[in-house]
Amino acid sequence: MALIPFDDRDGQIWLDGAMVPWREAKLHVLSHGLHYASSIFEGERAYAGNIFKLRAHTERLRRSAGLLGFDLPWTDEEIDAACMAVIQANGQTDAYVRPVAWRGSEQLAVAAQHTKIHLAIASWSWPAMFANRMEGIRLDIAEWRRPHPQTAPTASKAAGLYMIGTLAKNAAEAKGYADALMYDWRGRVAEATGANVFFVFDGDLHTPTPDCFLDGITRRTVMSIARRHQMKVVERAILPDELPGASEAFLVGTGAEVTPVREIGPHSYTPGRITKTLLDDYEALVRMSPAEVDRLAA
Ligand code: PMP
């Protein structure tokens, strides 16, 4: 696969309040965020010129920062406007948008109260994460587990938590899988490396309770679509020995959108009617205007 490095592309990146040419959006190697993972980010998708659930992403960015003990020096309105300005500056209507905030270089010990908080926002074209969607992807079962909430700020979209995700995903890809299903510290089913998971048991939709991993914006969106279809939605602890009993399984996330799953380790699934209904409705919803999306959520 030919990789175009992310630091050598055309376009504009919003950095600390100003649009800068893509290749000039740099930070110093002695940045607290790089050494100690004092960094949080968002992943958003723009469809037809609107960023889906933009304010919810901006609010989560702020919450993530707060959980790592820092405040973003920009208002929600300013961050929303900057995200929109970035896709416009890059001439995009459909794109992935990546805000990232981190502690700067003023201190480089563990203590960090006097570091400046930086915020950058980039956007790039990123079509569906997994090709041939209805065919379904294959998931490995990860050795790595989601940590106890007292071991890490698990409700934050903190860069540090993705260290485990990268280890799990690299191991899965090395074995020919698309991604990995991760259990939590107790051994319960948690989520994939960058997406939440749903199962169909006896025609009802089940998903793990997000008590030590991200309660995704797509997860909540898909649950409300399902309820609009009068489906029963159950949030509960799901144990690995239940996996063979599910008839359908799928991942959801801003990047993954709704991605059917056809295998999890030794277990097979057939992407079916429920997955297809939710996938089609999600694809239609993300292309609606923000006002229509809000109206449907009300
Ligand atoms: N879990 C993890 C670890 C993720 O990285 C993501 C993607 N942000 C999700 C779940 C899904 O979250 P969302 O639907 O808000 O994108």
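First listed ligand is number 1; within each ligand, the first listed atom is number 1.
With respect to the salt-bridge test (charged N to carboxylate O, under 4.0 angstrom), the residues Arg60 and Glu44 do not qualify. The pair Asp10-Arg23 meets the salt-bridge criterion, since a charged nitrogen lies less than 4.0 angstrom from a carboxylate oxygen. Asp211 has a carboxylate O that lies under 4.0 Å from a charged side-chain N of Arg186, or vice versa, which qualifies the two as a salt bridge.
Note on Ile164: it does not cluster hydrophobically with Leu214, by side-chain heavy-atom contacts below 4.5 Å among ILVMFWY residues.
If you take CG on Leu54 and CD on Glu42, they are separated by 10.0 Å, rounding to the nearest 0.5 Å.
At distances below 3.5 Å, not a single donor-acceptor pair connects side-chain atoms of Ser31 with backbone N or O atoms of Ser105.
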Could you pull out the N/O contacts under 3.5 angstrom between ligand 1 and the surrounding protein atoms?
residue: ligand 1; atom: 1 (N); partner: Glu191; partner atom: OE1; Å: 2.6
residue: ligand 1; atom: 5 (O); partner: Lys157; partner atom: NZ; Å: 3.3
residue: ligand 1; atom: 5 (O); partner: Tyr162; partner atom: OH; Å: 2.4
residue: ligand 1; atom: 8 (N); partner: Lys157; partner atom: NZ; Å: 2.7
residue: ligand 1; atom: 14 (O); partner: Ile217; partner atom: N; Å: 3.3
residue: ligand 1; atom: 14 (O); partner: Thr218; partner atom: N; Å: 2.8
residue: ligand 1; atom: 14 (O); partner: Thr218; partner atom: OG1; Å: 2.6
residue: ligand 1; atom: 15 (O); partner: Arg60; partner atom: NH1; Å: 2.7
residue: ligand 1; atom: 15 (O); partner: Arg60; partner atom: NH2; Å: 3.0
residue: ligand 1; atom: 15 (O); partner: Ile217; partner atom: N; Å: 2.8
residue: ligand 1; atom: 16 (O); partner: Thr254; partner atom: N; Å: 3.0
residue: ligand 1; atom: 16 (O); partner: Thr254; partner atom: OG1; Å: 2.6

